[in-house]
Amino acid sequence: MRVWAKITKGEKIIRHAVVEADNLNTFSGITRAFMDAAEALKIPTPVITRTSAQFFFDFNSVRFKPADFVEPVDFDSLFIERA
């Protein structure tokens, strides 16, 4: 399986990446996929909660805002979806 991660600023996609994911049916698998996506985009990893993982599991996508990061970021959102 793969996930597509994209960073947006305003209405524009400023960077994106597609990463392979081993298991998107578990919390640890989703967490690993999100960490790999953040690494591919060269950004900090967002704070991943069970709620965000459940949202991804239920709807095949999740959006992270700058408030979801411990470190400051220079974009409006990180959107991750199943590719």
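These values consider heavy atoms only, across backbone and side chains, with no hydrogens, waters or symmetry-generated copies.
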S.K.: Between I13 and I7, is the side chain to side chain contact (heavy atoms under 4.5 Å, CB included) condition met? List the steps.
M.R.: CA-CA 6 Å; I13 297 174; I7 298 172; over 6 Å; no
S.K.: Are side-chain heavy atoms of F69 and F75 found at a separation under 4.5 Å?
M.R.: yes
S.K.: Do the side chains of V3 and V18 get nearer than 4.5 Å, heavy atoms only?
M.R.: no
S.K.: State, to 0.1 Å, how close A38 and P44 come at their nearest heavy-atom pair, and which atoms those are.
M.R.: CB-O, 3.8 Å
S.K.: Distance check, rounded to the nearest 0.5 Å: S77 atom OG versus K9 atom NZ?
M.R.: 11.5 Å
S.K.: Going from CZ on R32 to CD on E39, what distance comes out if it is rounded to the nearest 0.5 angstrom?
M.R.: 7.5 Å
S.K.: Are V70 and V47 close enough, and set up right, to give a side chain to side chain contact (heavy atoms under 4.5 Å, CB included), and what steps lead you there?
M.R.: CA-CA 7 Å; V70 174; V47 175; 3.7 Å; yes
S.K.: Once you round to the nearest 0.5 Å, how far does OG1 of T49 lie from CZ of F55?
M.R.: 11.0 Å
S.K.: Taking the side chain as every heavy atom from C-beta outward, state whether F34 and I30 have any pair of such atoms under 4.5 Å apart.
M.R.: yes
S.K.: For H16 versus L41, what's the shortest heavy-atom pair and its separation?
M.R.: C-CD2, 3.6 Å
S.K.: Indicate the atoms forming the closest heavy-atom contact of R15 with K42, along with that distance.
M.R.: NH1-O, 4.2 Å
S.K.: Excluding sequence neighbours, so at least two apart, what forms side-chain hydrogen bond (donor to acceptor under 3.5 Å, both in side chains) with T45?
M.R.: none
S.K.: So which of I80, V73, L78 actually passes side chain to side chain contact (heavy atoms under 4.5 Å, CB included) with P46?
M.R.: L78
S.K.: Side-chain contact, heavy-atom cut-off 4.5 Å: F79 with S61?
M.R.: yes
S.K.: Compare all side-chain heavy atoms of L24 with those of R82 and state whether any distance is below 4.5 angstrom.
M.R.: yes
S.K.: Would you say the ring centers of F57 and F27 fall short of 6.0 Å from each other?
M.R.: no
S.K.: Taking all heavy atoms of A40 and all of V19, pick out the closest pair and write down the distance.
M.R.: CB-CG1, 3.8 Å
S.K.: To the nearest 0.5 Å, tell me how far D22 CG sits from M1 CE.
M.R.: 9.0 Å
S.K.: Are R63 and D68 close enough that some pair of their side-chain heavy atoms sits under 4.5 Å apart?
M.R.: no
